[in-house]
Amino acid sequence: MQAIKRTLVTAGVVLAGSLLLTSCDRGNVNAQTGAPDLTVTTEDGGGDDLNITTAVNTALMADPKLQHLDIQIETRKGDVTLSGTVETQAQRSQAEMITASTSGVHAVNNKLEVK
């Protein structure tokens, strides 16, 4: 009878200890600080089109002169096509320059129209 009681007490202590340990704060191991890494590559060295489109959009939205514009971005095998309208030729050129400098972009087809 005492062996069973000792086994149950031991099991209870182990269970309680396990529950306490699982609730411990291990810190935020996956926390990311600073600006996001917009480097986009795949195993074959090419870019992933969805990630490239996201990176280009993020870069364009970060520019105060372009963030209010409606610029469509289409990416196919690293070749990015920009379409929509901008207010000035400078904005058109800026959008192309930002896109071309984004990691993973192979070519830019700038179809932006100046109104």
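Just so you know, these numbers use all the heavy atoms, side chains as well, and skip hydrogens, waters and symmetry mates. Everything quoted here is computed from the prediction, not taken from an experiment.
Contact between Thr81 and Lys111 at its shortest, heavy atoms only, is CG2-CD, 4.0 Å. Looking at every heavy atom in both residues, Ile98 comes nearest to Ala59 through CG2-CB, 3.5 Å. Here the shortest heavy-atom pairing between Lys65 and His68 reads O-CE1, 3.5 Å. Taking each heavy atom of Glu87 and Val114 in turn, the nearest pair found is O-CG1, 3.6 Å. Residue Leu112 comes nearest to Ala95 through the heavy atom pair CD1-CB, 3.7 Å, listed as atom of the first residue, atom of the second, then distance.
Side chains of Val56 and Thr75 form no contact here, defined as non-hydrogen atoms less than 4.5 Å apart. Residues Leu82 and Val108 form a side-chain contact, since some pair of their non-hydrogen atoms from C-beta on lies under 4.5 Å apart.
Separating the CD1 atom in Ile52 from the NZ atom in Lys77 is a distance of 12.5 Å, to the nearest 0.5 Å. Here Asn57 contributes atom CG and Leu66 contributes atom CG; the two are 11.0 Å apart, rounded to the nearest 0.5 Å. The line from CD1 of Ile73 to OG1 of Thr54 is 8.5 Å long, rounded to the nearest 0.5 Å.
Side-chain N or O atoms of Asn110 include one that pairs as donor or acceptor with a backbone N or O of Arg92 at under 3.5 Å.
Put simply, the residue from Leu60, Asp63, Thr88, Val86 that forms a side chain to side chain contact (heavy atoms under 4.5 Å, CB included) with Gln94 is Asp63.
In this structure Thr99 satisfies the side chain to side chain donor-acceptor pair (under 3.5 Å) test with no other residue, sequence neighbours excluded.
In this structure, Gln67 places its CD atom where more than 12 heavy-atom neighbours from other residues, nucleotides or ligands lie under 6.0 Å away.
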Glu74 and Asn109: CA distance, side-chain angles, deciding distance, side chain to side chain contact (heavy atoms under 4.5 Å, CB included) verdict = CA-CA 10 Å; Glu74 185 179 330; Asn109 182 9; over 6 Å; no
